[in-house]
Chemist: 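Here it is: the structure, laid out below.
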Protein chains: 2
Amino acid sequence: MYGMPGKANPASDAADTFASPEPPRPVAASRPAAANAGARCANCMMRHICMAASLEADDVEQLDRVMQGWRTVRQGEKLFRAGDPFRSLYAVRAGSFKTVVTSERGKEHISGFYMAGDAIGMDGICEETHTSDAIALEDSVVCVIPYHLLEALCRELKPLQRQFHKMLSAEIVREANQMMLLGNMSAEQRVATFLLSISARHRERGYSATSFVLRMTREDIGSYLGVTLETVSRTLSKFQQEGLLAVQGKSLDLLNLDALDAR
Amino acid sequence: MYGMPGKANPASDAADTFASPEPPRPVAASRPAAANAGARCANCMMRHICMAASLEADDVEQLDRVMQGWRTVRQGEKLFRAGDPFRSLYAVRAGSFKTVVTSERGKEHISGFYMAGDAIGMDGICEETHTSDAIALEDSVVCVIPYHLLEALCRELKPLQRQFHKMLSAEIVREANQMMLLGNMSAEQRVATFLLSISARHRERGYSATSFVLRMTREDIGSYLGVTLETVSRTLSKFQQEGLLAVQGKSLDLLNLDALDAR
DNA sequence: CGTGAACTTGATGTAGATCAAACCCCGTGG
DNA sequence: CCACGGGGTTTGATCTACATCAAGTTCACG
């Protein structure tokens, strides 16, 4: 099923793609944390790659307690925008996002794509203000983690502290690798690297590493890779002609991962 | 004095550039932390932009206690290399560094330049292994901060925890901005942005924002900006012809910051 | 089933890479 | 003290990967 295009309803698509055990449960910001019984990391498929990774069951429960709840974000809507005051981090529970940074000149650049289990918003910590927009690529659900509570819990739970630091550091490493891509690689290498990265992230999450649907447009991919949308399109066509993959709109089948890696 | 080229001894140059109150005091790795009386954040000119920022005097003393000591790194030597096990973070006390990431294909890319007060090594946290080389651009001194001790202290001291998180987040934001530069900007804009960024960092540290010496080669700058060294050189010459700055080898005078910003 | 957005493909233009040569320091050793 | 050598830098000539412009096609959604 996964990897087939043409779903009528992106919300149900997101739900079956990521198999959320419960339906999204949006919560008012003012709702007390104690009432938040539905959102439980223990039940979440993504707990082993998310904030809860390597926590004992007791500690996961503590994390649940500081989690404010879920928030649904419809396709195209913004989870936050640059300039918003920073209060919470977000963990993607279902769906996916892109983050967009805008220069003073008004030029936009996509700085990252985030899927289930990824954390968004860590750019906001340093100035207590978000520096990018986070936009849902499909109807999505995030866990809302108030930063001051997470901070306090990190002082209590060493494994949580360690995991949080690792997530911050992993983002630094990811961006450093992206800088390498943007600074040194040919268009073909950029596209190949991008596809392999998506593939690997799907594999980590238990989905097919070779057959998937791109949630973003060619323009989004181009922006992320520092090339034009035409170049993305041409490169995909070329890879298809060479038998490295099969494209059909946003659906992709990678037919030769090694050959892609050799680009 | 700062900004004048042609010093005979780079070590003395580094010392007077950053006005270290005491001479470097290298320490053996096994030396107990208690013996580390010489290295004191309280005396350090950079304490307000470093790990100690916004700490009370008592807390700064605690930070001193976990600091393992100083390490001197001669020009061209490596503070750590990709693949080294991650044990410590480093704060630049005097001098400057570049960090270099190397792709599987062996291509090198400079991911950052670091001067006094900056922290290096945060990429190592996530996999407990450094992912880049850190190379001294001149004879330099760093404070060595064992990560497990810092972690423990961050559980004790909320302001230190906050500052540390801010430094991690600031690195994420810096890299996101660099990705924007690499993905969207013309060569001229890249060079102008680079110069203005160096200028601002000098200003923050109390040095001249308009007159300084570049510690890195044209090739280093090119690698960082994703252009060739020839393009860097040509762009500087062009800016000079237009009266935006005066170049003389590695010495630079910015004559029109606004015009540079308008690029 | 109609319509606009997303995508593909082709033709042409250009910023910056690459190749090449000379120059300028700056440290070294005679 | 000066000649020497080599890394760093500048500048010029040429080349090319990719951007840009343009037109048509397909697709997804209302």
Side-chain angles (χ1 to χ4, degrees), chain A residues 4-13 74-76 98 107 109-110 137-139 181-192 213-223 225-241 245-252 263, chain B residues 4-13 74-76 98 107 109-110 135 137-139 181-192 213-241 245-252 263:
Chain A
M4 298 305 284
K7 285 297 184 63
N9 177 350
S12 77
D13 192 339
R74 306 246 137 227
Q75 180 172 114
K98 63 179 176 183
K107 278 214 135 192
H109 179 82
I110 293 187
L137 293 171
E138 58 194 306
D139 290 6
L181 177 147
L182 291 166
N184 286 312
M185 290 187 180
S186 71
E188 279 191 15
Q189 289 173 328
R190 293 181 201 205
V191 174
V213 175
L214 297 172
R215 279 13 261 219
M216 66 294 286
T217 66
R218 302 287 191 264
E219 187 168 20
D220 286 340
I221 299 170
S223 170
L225 298 180
V227 298
T228 58
L229 67 101
E230 292 95 330
T231 296
V232 174
S233 179
R234 272 187 250 272
T235 306
L236 289 173
S237 299
K238 180 156 187 246
F239 285 169
Q240 177 160 239
Q241 272 172 13
L245 50 78
V247 217
Q248 192 171 183
K250 292 185 144 57
S251 317
L252 224 75
R263 285 316 174 104
Chain B
M4 298 303 285
K7 286 294 185 61
N9 178 352
S12 77
D13 190 340
R74 307 248 138 226
Q75 180 173 108
K98 63 179 176 184
K107 278 215 134 193
H109 179 81
I110 293 187
I135 302 172
L137 294 171
E138 58 194 306
D139 291 6
L181 177 146
L182 291 166
N184 288 311
M185 291 186 177
S186 70
E188 280 191 14
Q189 288 173 328
R190 294 181 200 204
V191 173
V213 175
L214 297 172
R215 288 358 274 216
M216 67 294 287
T217 67
R218 301 287 191 264
E219 187 169 18
D220 286 339
I221 299 171
S223 170
Y224 183 59
L225 298 179
V227 297
T228 58
L229 67 99
E230 291 96 329
T231 297
V232 173
S233 179
R234 273 187 249 272
T235 306
L236 289 174
S237 299
K238 179 155 186 243
F239 285 168
Q240 177 160 240
Q241 272 172 13
L245 50 77
V247 217
Q248 192 171 184
K250 292 184 142 56
S251 316
L252 228 78
R263 285 319 177 103

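Chain identifiers are assigned alphabetically (A, B, ...) following the order of the sequence lines, protein sequences preceding nucleic acid strands; residue numbering begins at 1 within each chain. The figures here come from the full heavy-atom set of this structure, side chains too, leaving out hydrogens, waters and symmetry mates.
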Chemist: Which heavy atom in B:V247 sits nearest to a heavy atom in B:Q240, and how many Å separate them?
Modeler: N-OE1, 2.9 Å
Chemist: Report the nucleotide, chosen from D:dT20, D:dG8, C:dG16, that has the shortest atom-to-atom distance to any side-chain atom of A:R234.
Modeler: D:dT20
Chemist: Roughly how many Å is it from CG in A:L214 to P in D:dC27, rounded to a whole number?
Modeler: 15 Å
Chemist: Rounded to whole angstrom units, what separation is found between the CD atom of B:E230 and the P atom of C:dA20?
Modeler: 12 Å
Chemist: Considering every strand and a 4.0 Å limit on heavy-atom distances, what is the contact class for A:L229: base, sugar-phosphate, or nothing?
Modeler: base
Chemist: From CZ of A:R263 over to P of D:dA17, roughly how many Å is that when rounded to an integer?
Modeler: 13 Å
Chemist: Would you say A:E219 has more than 12 foreign heavy atoms packed within less than 6.0 Å of its CD?
Modeler: no
Chemist: To the nearest 0.5 angstrom, please state how far the NZ atom of A:K238 sits from the CG atom of A:L245.
Modeler: 12.0 Å
Chemist: In whole angstrom, what separates A:M216's CE from C:dC7's P?
Modeler: 11 Å
Chemist: Give a yes/no on whether any side-chain N or O of A:T231 is located under 4.0 angstrom from OP1 or OP2 of D:dA19.
Modeler: yes
Chemist: What is the distance, rounded to the nearest whole Å, between atom CG of B:L182 and atom P of C:dG16?
Modeler: 13 Å
Chemist: From NZ of A:K250 over to C1' of C:dT8, roughly how many Å is that when rounded to an integer?
Modeler: 13 Å
Chemist: Measure across A:I110 and A:S223 and return the closest heavy-atom pair with its distance rounded to 0.1 Å.
Modeler: N-OG, 2.9 Å
Chemist: Touch check for A:G226, heavy atoms < 4.0 angstrom, all strands: base, sugar-phosphate only, or nothing?
Modeler: sugar-phosphate
Chemist: Nearest to the side chain of A:S237, which nucleotide is it out of C:dT8, D:dT10, D:dG8?
Modeler: C:dT8
Chemist: Using a heavy-atom cut-off of 4.0 Å across all strands, would you classify B:T228 as base, sugar-phosphate, or nothing?
Modeler: base
Chemist: In whole Å, what is the span from the CD atom of B:Q75 to the C1' atom of C:dC26?
Modeler: 12 Å
Chemist: Suppose we call a contact any N or O donor and acceptor under 3.5 Å apart; does that hold for the side chain of A:R218 and the base of C:dT9?
Modeler: no
Chemist: Whole angstrom is fine here: how far is it from CG in B:D220 over to P in D:dT9?
Modeler: 8 Å
